[in-house]
Amino acid sequence: MNITPQDIRGLDLFHRGTEALSEVEATGIRIDVGYLDTARKELKAQIKEDDKELYSSKEWLLWRRRFGQNANIDSNPQLGVIAYNELGLEVKKRTEKGAASTDEEAFEGIDNPFISKLIRRKKRIKALTTYLDNIRREVSPDGFLHPVFNLNTVITYRSSSEKPNFQNMPIRDPEMGKLIRRAFIPRPNCVLLENDFKGLEVCVSACYNKDPVLISYIKDPTKDMHRDMGGQLYMLKKKEVSKKTRYGAKNKFVFPEFYGSFWAQCAPALWEWIDLGKLMVEGTDIPLKVHLANHGITELGDCSIDDENGIASPQPGTFAHHVMQVEKDFWNNRFRVYARWKKEWFAEYLRKGYFDTYTGFRLEGVFARNEAVNYPIQGSGFHCLLWTLIHTIRAKRKAKMSSLVVGQIHDSMLSDIPVDELDDFSAMVNELVSIELPKVWDWIIVPMQIETEICPPECTWYDKKEVHYADGVFSLDGKQFPSSALLKLLQQKVKSSE
DNA sequence: TATCAGCGCGCC
DNA sequence: AAAGGGCGCGCTGATA
C-alpha cells in the first residue's frame, strides 16, 4: 500500500498529527480498576451459568453425538451443522464464501431457547475477552489506559487504534455499553467531554460533489434529508414521519446508498424495519404496514441477487418495486449532481490510476468504484478531526490549560477537563471547528459544526449527555445554563436514571 | 508452536 | 456494469 502523502499539506498534517496523537497516547485515560475487576468477576460468573444451561441441554447432547471429543460450543462451523442439519432450521443467510451463516442476523426471528442462550453467551464472551480483559491487561499500574493511535495503517488515510482498540468500545447496545464504558472515568475534579463533528462525512462528501441539494440540506436547518426520505420510502407526509421511521430511512437507505448499496439490498432491510421498529404513522395509531396496504403495498417482492439469474425484477405494487423507483428519483433527480460526481470521479481515477484528496494525499492502486468514491470522503473527514485535535492541543497548551485530550474516534474527540476549564475549552474547540478550520481549508464549502456531550462530575463515559453549546453558552432542553449549574443538572439526571 | 484465512462482531 | 466504505480482535480449523 502506498501511504505517502501527496504533497506538503498531507505530510505536514500527518507529521503534526503523529506528534499530537503520541501526546494523547502518553496522556492516557483513567480507568476505574476496582469496577473493572468486579465487572469481570460478575461476567465470568454469568458465563459459567450460561455454560451450565447450555451443557445440560438436549441440543448439546446432539452436538456431542455429532462431534464427539471435538465438540466445541465456540465453533461457528459446528454450530452451523447443529442448527441447520440437526435442528433443521432454515438457512436464511450465507457467508461471503457461501457457507450457511451463523451470525446473529442469521438466527433473527427464530424462537429457539438454545440458540438464544448461545447468542447471549457469545455477547458476554465478547464483552469479557475483547473489552474488559484487554483493558485490564493494558492498564498501567497507576490506573491509566494508553491505547495506540496509528496514522500509517489505513488505506484511506484514516487512523486506527489498537492495544486496545479505543475506537470500537460498545455503545449501541445500552447494556453492553454500560458494562464497558463505566470503566472509563475522569481524573479527580474533572469531567469527560466528547466533541463530535455533526454529519462529518456528509459534509465532506458535499465538498467533493458540490451537489446543491445536498448542500442546502446541510445548510438549511428547516430541511431534513432523512425525514424527507422516510416520507418518500414509506409514503408518508412530513408530519407522519416518526423518529424511528426517520432512523430507518437514514441507516437503511440514505447512508447505504451514499456508500454504494442499491435497492435490492435496501428494500428488505427497510421492510423488516417496519416490524422491528414497530413503525406507526406518527400522530395516529395506524401501523405502517396497514398504511402501506392502504396504498396497495402488501408484500416485499422479489429482491434476489443471483449469480446465474442476476438481479430480480420485482412486480409493480410490491415494496421492492417502490424502493427501486425511490432510488431512481434519489440519484437521477434529487442528488443528480452527486451521482454525476461519482461517475466523473471514478472515470478520472480509471484514466490516471490514482486520485488526490483535498487534504494532500494520493491514493494509488486498484480500486473498485465504491472504493474510489468513498475513500477521499472517509480520509478527508478524519483529517478534519485530526486538524482539530492538533490545534486543540496547541491552543490549550498556549493558554496553559490543564485540559487533556485522551482519545479520538474518527470524527470525535474525548477530553478530560477540569470543571473550571469547561467553558474555555468548549469555546476553543467550537471556534477552531466552525471558524478556523474552514479558513485554513478553502475546499470546505459547508458550515462545520461540533456537537457536545458531557459526562457530569463523579460520572463515567457511559453517562455522557448531549448538551447544546452556542455563543459561549450551554443549553439543555432549550434553556440556558452557566456551566456549573449545567453540570449539577446533568449529575441529577444521571442519578435519577440509575 | 506459529501463521493464515474465514467468520463474527464491536465501532465510525 | 456493478451492486455497502473503513478498522482491530477473538476464535476455529487447516497447514507448515
Side-chain angles (χ1 to χ4, degrees), chain A residues 1 67 70-80 93-107 118-119 122-123 125-135 137-138 147-151 153-173 176-177 179-181 196-197 199-202 204-205 251-267 269 303-307 310-312 324 327 331 342-343 346 350 363 367-379 381-382 385 407-412:
Chain A
M1 179 173 60
F67 290 99
N70 294 328
N72 182 346
I73 196 106
D74 293 321
S75 167
N76 285 321
Q78 288 183 16
L79 171 58
K93 193 183 166 194
R94 295 203 166 267
T95 68
E96 184 73 27
K97 301 284 168 191
S101 170
T102 56
D103 69 11
E104 199 182 346
E105 198 195 327
F107 296 125
L118 202 58
I119 288 171
K122 279 172 188 284
K123 282 197 191 301
I125 296 257
K126 174 84 174 167
L128 183 67
T129 59
T130 301
Y131 298 105
L132 297 182
D133 280 352
N134 276 357
I135 293 168
R137 191 181 59 239
E138 297 292 340
V148 174
F149 293 99
N150 303 300
L151 287 179
T153 60
V154 182
I155 195 161
T156 62
Y157 297 91
R158 238 197 197 180
S159 66
S160 70
S161 169
E162 58 180 338
K163 296 170 193 168
N165 183 351
F166 182 70
Q167 297 176 322
N168 71 348
M169 295 298 163
I171 189 166
R172 292 176 201 162
D173 176 339
M176 193 151 162
L179 185 65
I180 311 298
R181 291 193 179 218
D196 301 56
F197 274 85
L200 180 57
E201 288 202 4
V202 173
V204 171
S205 122
N251 293 302
K252 293 163 198 306
F253 185 81
V254 177
F255 283 157
E257 288 281 346
F258 280 174
Y259 287 137
S261 186
F262 78 124
W263 65 266
Q265 281 154 325
C266 297
C303 293
S304 54
I305 306 165
D306 201 294
D307 286 344
I311 309 299
M324 208 164 89
E327 180 186 68
W331 288 119
K342 280 193 183 195
K343 210 174 159 185
F346 186 54
L350 288 179
L363 281 84
F367 305 131
R369 184 178 180 273
N370 283 341
E371 293 169 334
V373 298
N374 284 326
Y375 286 0
I377 296 164
Q378 187 185 106
F382 167 66
L385 183 276
Q408 164 268 122
I409 313 178
H410 309 303
D411 69 347
S412 80

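Since the model is a prediction, treat every value here as computed from it, not as a measurement. Throughout, a chain's letter reflects where its sequence line sits, starting with A, and its residues are numbered from 1.
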For this session: Could you check whether A/Ser159 gets within reach of a base, just the sugar-phosphate, or nothing at all, counting any heavy atom under 4.0 Å?
Result: nothing
For this session: Using a heavy-atom cut-off of under 4.0 Å over every strand shown, decide if A/Ile311 touches base, sugar-phosphate, or nothing.
Result: base
Exercise. Between A/Ser161 and C/dG8, is there a side-chain N or O to OP1/OP2 distance below 4.0 Å?
Worked result: no
Problem set entry | Base B/dC12 paired with A/Arg158 side chain (donor-acceptor, <3.5 Å) | yes
Exercise. What integer distance in Å separates A/Phe107:CZ from B/dC9:P?
Worked result: 9 Å
Exercise. Any side-chain N or O of A/Thr156 less than 4.0 Å from the OP1 or OP2 oxygen of C/dG6?
Worked result: no
Problem set entry | Candidates B/dC7, B/dG10, B/dG8 - which lies nearest the side chain of A/Lys97 | B/dC7
For this session: For this output row, return yes or no: ring centroids of A/Phe382 and A/Tyr157 closer than 6.0 angstrom.
Result: no
Problem set entry | Proximal nucleotide (of C/dG13, B/dC7, B/dG8) relative to the A/Asn76 side chain | B/dG8
For this session: Figure out the CG/P separation between A/Asn70 and C/dC11, and round it to whole Å.
Result: 18 Å
For this session: Return yes if a side-chain donor-acceptor contact under 3.5 Å exists between A/Ser160 and A/Gln167, otherwise no.
Result: no
Exercise. Taking only N and O in the side chain of A/Gln167, is any of them less than 4.0 Å away from OP1 or OP2 of C/dG6?
Worked result: no
For this session: Remember a base hit wins even if backbone is also touched, and classify A/Asn374 as base, sugar-phosphate or nothing at under 4.0 Å, heavy atoms.
Result: sugar-phosphate
Exercise. B/dC11, C/dG6, C/dC9: which one has an atom nearest the side-chain heavy atoms of A/Ile155?
Worked result: C/dG6
For this session: Remember a base hit wins even if backbone is also touched, and classify A/Ser412 as base, sugar-phosphate or nothing at under 4.0 Å, heavy atoms.
Result: nothing
Problem set entry | Atom pair distance, as rounded to whole Å: CD in A/Glu327 and P in C/dA3 | 14 Å
Exercise. Hey, does A/Glu371 reach any base, or is it just sugar-phosphate, or nothing, if we go heavy atoms under 4.0 Å?
Worked result: sugar-phosphate
Seminar exercise, completed: With the side chain defined as heavy atoms from C-beta on, A/Asn165 is closest, among B/dG10, C/dG10, B/dG8, to B/dG10
Exercise. How is A/Gln78 classified with respect to the nucleic acid when contacts are heavy atoms under 4.0 Å: base, sugar-phosphate, or nothing?
Worked result: sugar-phosphate
For this session: Report yes or no: do A/Lys342 and A/Asn370 form a side-chain donor-acceptor pair below 3.5 Å?
Result: no
For this session: For A/Glu104, answer base if it contacts any base atom (sugar-phosphate contacts may also be present), sugar-phosphate if it contacts only those atoms, and nothing otherwise; contact means non-hydrogen atoms under 4.0 Å.
Result: sugar-phosphate
Problem set entry | Closest to side chain of A/Pro170, choosing from C/dG13, B/dC11, C/dC7 | B/dC11
Exercise. Any idea which of C/dG13, C/dC9, B/dC7 is nearest the A/Lys163 side chain?
Worked result: C/dC9
For this session: Return the value, rounded to whole Å, for the distance between atom CG of A/Asn150 and atom P of C/dG8.
Result: 7 Å
For this session: Take the protein atom NZ of A/Lys126 and the nucleotide atom P of C/dG8, then report the distance between them rounded to whole Å.
Result: 13 Å
Problem set entry | Candidate pair A/Glu162 and A/Phe149, rule side chain to side chain contact (heavy atoms under 4.5 Å, CB included), full reasoning | CA-CA 7 Å; A/Glu162 58 180 338; A/Phe149 293 99; over 6 Å; no
Problem set entry | Working for side chain to side chain contact (heavy atoms under 4.5 Å, CB included), residues A/Leu200 and A/Val202 | CA-CA 6 Å; A/Leu200 180 57; A/Val202 173; over 6 Å; no
Exercise. Ignoring hydrogens and geometry, is there a side-chain-to-backbone donor-acceptor pair from A/Lys123 to A/Met176 under 3.5 Å?
Worked result: no
Problem set entry | Residue A/Asn134, side-chain heavy atoms: nucleotide from C/dG8, C/dC9, B/dC12 that is nearest | C/dC9
Problem set entry | Candidates B/dG10, B/dC12, C/dC11 - which lies nearest the side chain of A/Thr129 | C/dC11
Exercise. Considering only B/dC12, B/dG8, C/dT12, which nucleotide approaches the side chain of A/Ser75 most closely?
Worked result: C/dT12
Exercise. Does a nitrogen or oxygen in the side chain of A/Lys123 sit under 4.0 Å from OP1 or OP2 of B/dG8?
Worked result: no
Exercise. How many Å lie between CH2 on A/Trp331 and C1' on C/dA2, as a whole number?
Worked result: 14 Å
Exercise. Roughly how many Å is it from OH in A/Tyr259 to P in C/dC7, rounded to a whole number?
Worked result: 13 Å
Exercise. Roughly, in whole Å, what's the span from CD in A/Glu162 to C1' in B/dC12?
Worked result: 17 Å
Exercise. If only side-chain N and O atoms of A/Thr130 are considered, is one of them under 4.0 Å from the OP1 or OP2 phosphate oxygen of B/dC9?
Worked result: no
Problem set entry | Proximal nucleotide (of B/dC12, B/dG8, B/dG10) relative to the A/Asp103 side chain | B/dG8
For this session: Respond yes when some side-chain nitrogen or oxygen of A/Arg172 is under 4.0 Å from OP1 or OP2 of B/dC12, and no when none is.
Result: yes
Exercise. Side chains of A/Thr95 and A/Ser101: is there a donor and an acceptor less than 3.5 Å apart?
Worked result: no
